[in-house]
Amino acid sequence: MEIKKTTIPGLTFAVEVEEVNHRDALGGLICYVALLYKLDPKTKARHLVRRSRIPGAAEEMKREFRQGGIQAFRRLEQATA
């Protein structure tokens with residue numbers, strides 16, 4: 001099982017994208033999940049904002065945050081509320 005974490009720092013909080021990718025011996029996909037967390041700068045607590053089971057979703061989340069910044073976070077927060 002491969003777990004990749006990417007932290008995108010911000011002024012008021014950071015965003016962490018965690019990608020879990022599990023494959024069998026032949027390379028077939030067993031499990032994939034991409035999780036998007038908001039990190040509290042003081043306590044380092046993680047708040048789950050979004051998750052996806054679509055392969056490659058982690059790259060899309062990272063790209064959206066690098067381009068859109070806090071506006072992208074607000075859109076996602078409203079979509080999940």
Side-chain angles (χ1 to χ4, degrees):
M1 183 176 343
E2 180 183 353
I3 299 173
K4 291 173 30 180
K5 291 184 182 180
T6 305
T7 303
I8 303 169
L11 295 174
T12 57
F13 60 87
V15 173
E16 183 178 77
V17 179
E18 185 175 277
E19 181 178 23
V20 178
N21 194 355
H22 187 60
R23 296 187 177 269
D24 63 8
L26 299 175
L29 185 64
I30 294 175
C31 172
Y32 177 88
V33 81
L35 305 162
L36 179 71
Y37 294 101
K38 176 184 174 184
L39 297 176
D40 186 303
K42 295 178 184 172
T43 63
K44 300 297 181 200
R46 299 188 322 169
H47 172 71
L48 181 65
V49 176
R50 185 179 184 186
R51 66 178 161 214
S52 177
R53 296 183 69 197
I54 300 171
E59 289 301 318
E60 180 183 324
M61 289 179 192
K62 288 183 229 176
R63 184 176 47 253
E64 188 173 350
F65 271 94
R66 288 193 174 118
Q67 291 175 352
I70 196 158
Q71 288 82 13
F73 181 79
R74 288 184 180 148
R75 280 194 307 272
L76 289 174
E77 208 169 39
Q78 289 173 356
T80 58

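Legend: residues meeting side-chain hydrogen bond (donor to acceptor under 3.5 Å, both in side chains) with Ser52, ordered by chain and number and at least two apart, are absent.
Asp40 places none of its side-chain heavy atoms less than 4.5 Å from the side chain of His47.
Taking NZ from Lys38 and CG from Leu48, the interatomic distance works out to 13.0 Å, rounded to the nearest 0.5 Å.
The shortest heavy-atom contact between Ala57 and Tyr32 is N-OH, 3.4 Å. A pairwise comparison of heavy atoms in Leu35 and Arg51 identifies CD2-CB, 3.5 Å as the closest pair.
Cluster membership check: Val33 shares its hydrophobic cluster with Met1, using side-chain heavy-atom separations under 4.5 Å among Ile, Leu, Val, Met, Phe, Trp and Tyr. Residues Val49 and Val15 share a single hydrophobic cluster, defined by chaining ILVMFWY side chains whose heavy atoms lie under 4.5 Å apart. Cluster annotation: Leu39 and Ile3 are assigned to distinct hydrophobic clusters (Ile/Leu/Val/Met/Phe/Trp/Tyr, side-chain heavy-atom contacts under 4.5 Å, transitive).
Atom CD1 of Ile30 has more than 12 heavy atoms from other residues, nucleotides or ligands within 6.0 Å.
A salt bridge links Glu59 with Lys62: at least one charged nitrogen is closer than 4.0 Å to a carboxylate oxygen.
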